[in-house]
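A, B, ... follow the sequence lines: proteins, then strands. Residue 1 opens every chain.
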Amino acid sequence: MTTRIDARFARCAEENRAALVTFLMGGDPEEATALELLKALPGAGADVIEVGMPFTDPMADGPSIQAAGLRALRAGMTLNKTLALVSDFRKTDDDTPIVLMGYYNPIYVHGVEKFLAEAKAAGVDGLIVVDLPPEEDDELCLPALKAGLNFIRLATPTTDDKRLPSVLSNTSGFVYYVSLTGVTGAAIADYRNVSAAVARIKMHTKLPVAVGFGVKTADNARAIAAQADGVVVGTALVDALKNSLDAEGRATGKTVEAVTHLVRALAEGVRTARN
Amino acid sequence: MKQNSFRTGPDERGRFGLFGGRFVAETLMPLILDLEAAYEKAKADAGFHAELASLHKHYVGRPSPLYFAERLTDHLGGAKIYFKREELNHTGSHKINNVLGQILLARRMGKQRIIAETGAGQHGVATATACARFGLDCVVYMGAVDVERQKPNVFRMQMLGAKVVPVQSGARTLKDAMNEALRDWVTNVHDTFYCIGTVAGPHPYPAMVRDFQSIIGAETRAQILEQEGRLPDSLIACIGGGSNAMGLFHPFLDDPSVAIYGVEAAGHGLERENGHAASLAGGKPGVLHGNRTYLLMDDDGQILEGHSISAGLDYPGIGPEHAWLRDIGRATYLSATDKEALAAFQLCSKLEGIIPALEPAHALAKVIELAPRLPRDHLMVMNLSGRGDKDIFAVAEHLGGM
């Protein structure tokens, strides 16, 4: 089965470039602007879109993404509304892969089977659930694969060779290599180690490897894109969004442009990395 | 199938029935597996137990007494009430039992930097104490609200050389302190040991903390046999995450004649939405902080902040083994409001000359309710898990004395 994610990474490979994977929090700063942003991302150069599912207690996220989740929750975001956001996006884009990213509790409380059916129907392609290691695969990963969704796993610098096979065994779509130990938005990683890490992962899998954590600028993106199949950018986009808000945290006329401006620069970085 | 023993959990996946597990980010998973292996090795090592026993005796002052609360018993006119005097331990609560076990383990694993979360500050003080004793770096995460209401403990931690980090995210209480400690751990996983203060978190923490706290129940068992010649009829303890309760209960789980009561914090009252911290009474199963357990949350799975006058009970979850004991019916879980706890706090101070912490005052509130209805030959043991020095200012404020 070829998914939108598989197709997109294959196309990027044909173009001899890395894919640009962008993250924004679903419903940040509220639903209407979030939808507008989502729709603007592919045109600005995003290849794969990660949509955060807001959660009160995001234990692997730094201050920027924590705050984005709280903004969305305060504006009334729910899991149902995040799924509706994806459905609305799909009305005009049947091509760009969408990955939902978040924590297990809202999904568990919603009901795993119900969530998977609704996510599939909404046009979601993959899931990244931070607090579900392979040891808990029967919770969501295996049911998700059965439902035809990709389950994308994070590999980290602490994932050693002994552990990699189990981390990769039920992973599909792509592998998300977290280039440093830490929360999202932490300091920029040492990119010299990225090639070696990507090579190590590729010894165990044929899946594309996208690298994230600490990517803030077009130069960062270019450096990673030379060494990996994808570049993931989250906190920098969330910060650009936040900096465009007014004093009350509401979207302004500049919000969409602030995000797409950075996405265009990152896309340019990704596209010039291997020249 | 009838259960042969209630004491064999968790299973190899860290589950107590539906509850427990290892719901953590991949970055932490290898370390959690290392920790489990190191703990299994230590458990089988007589040298580890001997070192811990020596510290218990000479540093903590164990065994803690099992004290007949004579005037309280007379006053209530029913069950014969005993206090397990964990408040007499060095650092003033049961928390030191667990901390010493974990610190010895951290030393075996070669970790120089210790992090901890704390609510009331008792676990933070215990951790800071053990780190001072063994020359380890110590960082304690504490909700900014708790830093305010537990000032004396903040000073104590600082005096002991720990760095106290006030946590400004979320409700700025224990839950948020735990989030921040987990974020630190994810970042500094190579040199840092996370000393969790309660029977929650990813496996092996719930089982490991329970084991280290089970000395409470093991001593109680020997002491009551010596003093009364038989087992108690009931045990009662307060529950935030539930470590003091689990430590008292566990050695008695397979004695069907012993009734077991845990007491959650009902805050302003269970009927008040988001006004209490009773996760068993008012929550449902969910996943937070590495384990599945009962949680206070809304219909969308967002965690509620909860409320209790006691910073140590102000937590929207509960240890997974308690969740399991509740569901299988081996233990009964009650709750006490802020008001009931304050009344019990005062009664204990005046009748027994013991100022309890606000946490065990919740258990005492239910002793006050249960004991008068029970016969005089009913033996009831309450875990007096901490002393109340840290709470006197907060209590005075509530009583209008300041």
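In B:E40, the CD atom is crowded: over 12 heavy atoms of neighbouring residues, nucleotides or ligands sit closer than 6.0 Å. For B:D299, the CG atom is loosely surrounded, since the number of other residues' heavy atoms within 6.0 Å does not exceed 12. Open room surrounds NZ on A:K146; 12 or fewer heavy atoms of other groups in view lie less than 6.0 Å from it.
Both the backbone and the side chain of A:F55 come within contact range of chain B, judged by heavy atoms closer than 4.5 Å. Using a 4.5 Å cut-off between heavy atoms, B:L295 contacts chain A through its side chain alone, with no backbone atom that close. Heavy-atom distances place the side chain of B:M297, and not its backbone, under 4.5 Å from chain A. Residue A:M53 does not touch chain B at all, counting heavy-atom pairs closer than 4.5 Å. For B:D184, no part sits under 4.5 Å from any heavy atom of chain A, backbone or side chain. At a 4.5 Å heavy-atom cutoff, the contact between A:P58 and chain B is made by backbone and side-chain atoms alike. Contacts of A:L73 with chain B are made by side-chain atoms alone, with heavy-atom separations under 4.5 Å and no backbone atom involved. For a residue to count as touching a neighbouring chain, one of its non-hydrogen atoms must lie under 4.5 Å from one of that chain's; by this rule A:Q66 touches chain B with the side chain only. In this structure, the portion of A:D61 lying under 4.5 Å from any heavy atom of chain B is its backbone and not its side chain. Proximity to chain B (any heavy atom under 4.5 Å) is shown, for A:V129, by neither the backbone nor the side chain. Only the side chain of B:L33 comes within contact range of chain A, with at least one heavy atom under 4.5 Å from a heavy atom of that chain. Within the 4.5 angstrom heavy-atom criterion, atoms from both the backbone and the side chain of B:P285 approach chain A. Using a 4.5 Å cut-off between heavy atoms, B:I303 touches chain A through backbone and side chain atoms alike.
Across all non-hydrogen atoms, the minimal contact from A:D229 to A:F9 is O-CE2, 3.5 Å. Of all heavy-atom pairs between B:V24 and A:P133, the closest is O-CD, 3.3 Å.
The backbone N or O of B:Q302 sits nowhere less than 3.5 Å from a side-chain atom of A:T56 that would complete a donor-acceptor pair.
Taking A:P134, A:A155, A:P106 one by one and counting their heavy-atom pairs under 4.5 Å with chain B, the maximum is reached by A:P106. Among B:N179, B:L182, B:D300, the residue making the largest number of heavy-atom pairs under 4.5 Å with chain A is B:D300. Taking A:T159, A:T158, A:D160, A:V167 one by one and counting their heavy-atom pairs under 4.5 Å with chain B, the maximum is reached by A:T158. For the options A:E136, A:R153, A:M59, heavy-atom pairs under 4.5 Å to chain B are most numerous at A:E136. Between chain A and the options B:R292, B:H289, B:K284, heavy-atom pairs under 4.5 Å are most frequent for B:R292.
No option in B:K111, B:E117, B:Q102 other than B:E117 meets the side chain to side chain donor-acceptor pair (under 3.5 Å) test with B:Y194.
Note on B:E36 versus B:R22: salt bridge recorded, some NZ/NE/NH1/NH2 to OD/OE distance being below 4.0 Å. Salt bridge status for A:R74 with A:E248: absent, with no side-chain N to carboxylate O gap under 4.0 Å. In this structure, A:D138 pairs ionically with B:R13, as a charged nitrogen and a carboxylate oxygen lie closer than 4.0 Å.
Using a 3.5 Å distance cut-off with no hydrogens or angles, the side chains of B:R326 and B:Y294 do pair a donor with an acceptor.
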